[in-house]
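For ligands, and for the atoms within them, numbers begin at 1 and follow the listed sequence.
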Amino acid sequence: MPLTLRTARVGDVARISKLHADLWRDSRAAFFDAEFIEDPLEAAMVAQWQELLRGRKRPGQVVVAMTGHQLEGFANAVLAAGTAQIDHLEVREKMRGRGIGRSLLGLLAQRMRQDGARAATLAVPAGAEGLARFAKRFGGILGPVVERERVGHPMPERSIAWADINRLIGACATS
Ligand SMILES: CC(C)(COP(=O)(O)OP(=O)(O)OC[C@H]1O[C@@H](n2cnc3c(N)ncnc32)[C@H](O)[C@@H]1OP(=O)(O)O)[C@@H](O)C(=O)NCCC(=O)NCCS
């Protein structure tokens with residue numbers, strides 16, 4: 001089945017929340033206690049994605065990659081003072097390495113440029129492997145570790161920053 005990329009709809013909240021919770025149960029397990037990591041984590045994800053997707057006046061853009069009805073990845077951004085603040089970029093583990101992350105990032109950045117973004121940042125987990133390589137690949141600058149609140153929990157993250165969003169869009173278009 002071919003991969004399609006599109007804007008997320010409110011009907012995608014459940015599938016995005018489930019994939020997001022499943023990925024974080026694995027990649028961010030260290031930040032949650034045993035009780036929260038089960039149902040409460042997914043409930044918190046539902047609340048977060050509903051906030052981003054419901055209503056006509058959404059706070060930003062959310063894009064998804066699908067094969068048929070299966071969600072393979074997602075990304076979201078909000079506009080803050082002319083900067084596209086990309087908070088989540090995630091691809092289903094077994095689908096990684098096929099260009100889905102790059103395509104999602106490129107589409108999201110284009111949408112955010114249409115909405116008025118001139119610069120961009122991408123939040124990444126502080127301990128992720130290959131961060132410097134990833135930042136370099138996309139022409140961004142990797143920032144210091146900062147503590148952010150995610151689903152009510154403090155998490156160490158870093159940001160990759162692009163002073164010019166066109167640099168990010170161009171890097172996503174280069175395969
Ligand atoms: C980061 C993520 C979204 C990439 O998605 P993906 O679909 O595997 O990425 P792509 O196949 O589109 O790869 C895009 C480019 O990024 C590079 N890349 C991907 N993951 C990387 C990693 N972990 N470290 C370094 N480079 C990476 C690839 O080499 C590729 O470069 P190329 O186009 O020159 O070949 C995915 O690995 C993911 O969901 N990770 C969990 C969240 C996370 O850790 N994010 C932090 C970013 S490092």
Side-chain angles (χ1 to χ4, degrees), residues 1-8 12-32 37 41-42 44-45 48-49 52 60-68 70-78 83-113 119-151 153-162 165-175:
M1 215 171 278
L3 184 87
T4 54
L5 266 72
R6 62 165 171 81
T7 299
D12 294 317
V13 164
R15 53 166 71 92
I16 299 175
S17 303
K18 175 157 191 345
L19 179 58
H20 202 175
D22 284 349
L23 290 170
W24 277 27
R25 279 182 187 119
D26 186 37
S27 66
R28 303 209 186 185
F31 302 103
F32 304 124
I37 208 166
L41 172 60
E42 199 161 326
M45 290 297 189
Q48 169 186 289
W49 288 101
L52 292 167
Q61 296 276 351
V62 183
V63 293
V64 290
M66 309 283 301
T67 45
Q70 168 141 301
L71 176 70
E72 308 294 9
F74 56 85
N76 87 288
V78 294
T83 296
Q85 226 174 266
I86 305 168
D87 276 323
H88 302 291
L89 168 68
E90 302 269 356
V91 172
R92 184 184 295 281
E93 208 153 0
K94 72 173 199 313
M95 296 298 284
R96 290 180 189 167
R98 303 176 190 205
I100 298 175
R102 179 163 56 81
S103 304
L104 282 167
L105 200 51
L107 178 63
L108 183 65
Q110 287 180 43
R111 295 268 163 88
M112 293 305 291
R113 182 175 61 182
T121 58
L122 167 65
V124 290
E129 247 181 71
L131 276 183
R133 190 160 48 87
F134 187 85
K136 192 166 172 225
R137 160 64 182 87
F138 290 96
I141 307 288
L142 185 60
V145 177
V146 290
E147 195 173 272
R148 295 209 178 86
E149 197 195 289
R150 301 290 187 198
V151 286
H153 290 66
M155 296 211 181
E157 292 191 342
R158 299 174 78 174
S159 285
I160 300 173
W162 294 265
I165 198 167
N166 292 310
R167 179 95 201 264
L168 170 59
I169 292 169
C172 291
T174 321
S175 54

**Prompt:** Do His153 and Trp24 have ring centres separated by under 6.0 Å?
**Reply:** no
**Request:** Please confirm whether Phe74 and Trp49 have ring centers closer than 6.0 angstrom.
**Result:** yes
Strictly below 4.0 Å, N to O, side chains only: are [X] and [Y] in salt-bridge contact?
X: Lys18; Y: Asp12; value: no
X: Glu72; Y: Arg96; value: no
X: Asp87; Y: Arg150; value: yes

**Message:** Looking at every heavy atom in both Asp26 and Glu93, which two are closest together, and how far apart are they?
**Reply:** OD2-OE1, 3.6 Å
Side chain, backbone, both or neither: which part of [X] comes within less than 4.0 Å of ligand 1 when only heavy atoms are counted?
X: Pro125; value: side chain
X: Leu23; value: neither
X: Val124; value: side chain
X: Arg137; value: side chain

Going by distance only, is there an N or O of [X] that falls short of 3.5 Å from an N or O of ligand 1?
X: Gly97; value: yes
X: Arg98; value: yes
X: Leu131; value: no
X: Met95; value: no

**Fill in**
A student checking ligand 1 against Ile100 at a 4.0 Å heavy-atom cut-off should list atoms 7 (O), 12 (O)
**Message:** As a test of understanding, state which of Val64, Leu104, Val63 forms a side chain to side chain contact (heavy atoms under 4.5 Å, CB included) with Leu5.
**Reply:** Leu104
